[in-house]
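Since this is a predicted model, take the numbers as computed values, not measurements. Order of appearance sets the numbers: ligands from 1, and atoms from 1 within every ligand.
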Amino acid sequence: MKFEILTMKLSVINTGFFKLDGGAMFGVVPQQMWKKLNPPDENNMCTWSMRCLLVETGNRKILIDTGMGNKQGEKFRQHFEPHGEDSLVGSVRNLGLSPEEITDVFITHMHFDHVGGAVKRDHKDKFVPTFPDATYWSNQAHYDWAYTPNARERASFLHENFVPLKEANRLKMIDIEEGVEFLPDFNIRFAYGHTEAMMLPQIKVNNKTVIFCADLFPSIGHIRLPYIKSYDLRPLDTLKEKGILHEEAIENDYILYFGHDPIHQCATLKRDERGRIVLDKTMTLAEALIDFIPK
Ligand SMILES: [Zn+2]
């Protein structure tokens, strides 16, 4: 009899930084308080990372989110100031992989800073999937929402970032069912506060659970309950979703993985002396998982 043991390997994929208005990112929290968490520039803009994650298991190489990519024009670049040494494909190559080797691209939601890298311009200036052999994953409710955006989210949902995936027949839809299994030890949480049916991967590596927080907890500055972005569609739902994940994270020692924190990759939570759930420790992904690296 043959036993196959699947091991899960996680790697950070940095795709660079961009800027968003600090006030919009912290909602009702006064600048006096949030500016300590992410110091703004003279235009009140804060720097955020676009940190993705690669999951390797069995013969699958699954990229979670893609950053904003590099196909936008000068006006867009002036507005969001993308910068930094890292790029999506560059970081994939740094791990010794070619774009053709990526089997799956999991898109938490279709806001440009998460899906922009999924599509590139080819040599004829046509929009094509960046990872030519990958299956791209979304869900129908979110796709429909992104395809016909409301006026508040319109600037974040750009058709060129995701319609070409559908046209190339590369897009598949995940069933919307809380906790649904995407792969063994890779389940999906759904959140509705930030945008419609955003998906948060929950990944078990040996005895640890890593939550890819997407835009539910974009950075360590968003751990406290009232620190909710003005961009969110339904802020009170975000509040509820944060509270639920808070309690679960404390109970089960979850590792939170941040897409937008400019410095910190991961953190754990604790209860403070007043009973509130707050940041415990920050760490790199490697530090978070180090107990399980075979000696
Ligand atoms: Zn978003």
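For Asp104, the salt bridge (charged side-chain N to carboxylate O under 4.0 Å, His left out) test picks out Arg60, with sequence neighbours left out.
Taking distances strictly below 2.8 Å, the protein N/O/S atoms close to the Zn ion (ligand 1) are His109 NE2, His111 ND1, His194 NE2, Asp215 OD2.
Screening Cys213, Pro201, Cys52 against Thr108 for a side chain to side chain contact (heavy atoms under 4.5 Å, CB included) leaves a single residue, Pro201.
Of all heavy-atom pairs between Trp34 and Cys46, the closest is CZ3-SG, 3.5 Å.
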Fill in: Chi angles and distances behind the ring pair (Phe, Tyr, Trp, His ring centres under 6.0 Å) call for Tyr231, His111
CA-CA 11 Å; Tyr231 297 111; His111 285 162; 8.1 Å; no

Fill in: Residue pair Asp65, His109: steps toward the side-chain hydrogen bond (donor to acceptor under 3.5 Å, both in side chains) verdict
CA-CA 8 Å; Asp65 279 349; His109 63 303; 5.1 Å; no

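A donor-acceptor contact closer than 3.5 angstrom links the side chains of Asn44 and Gln31.
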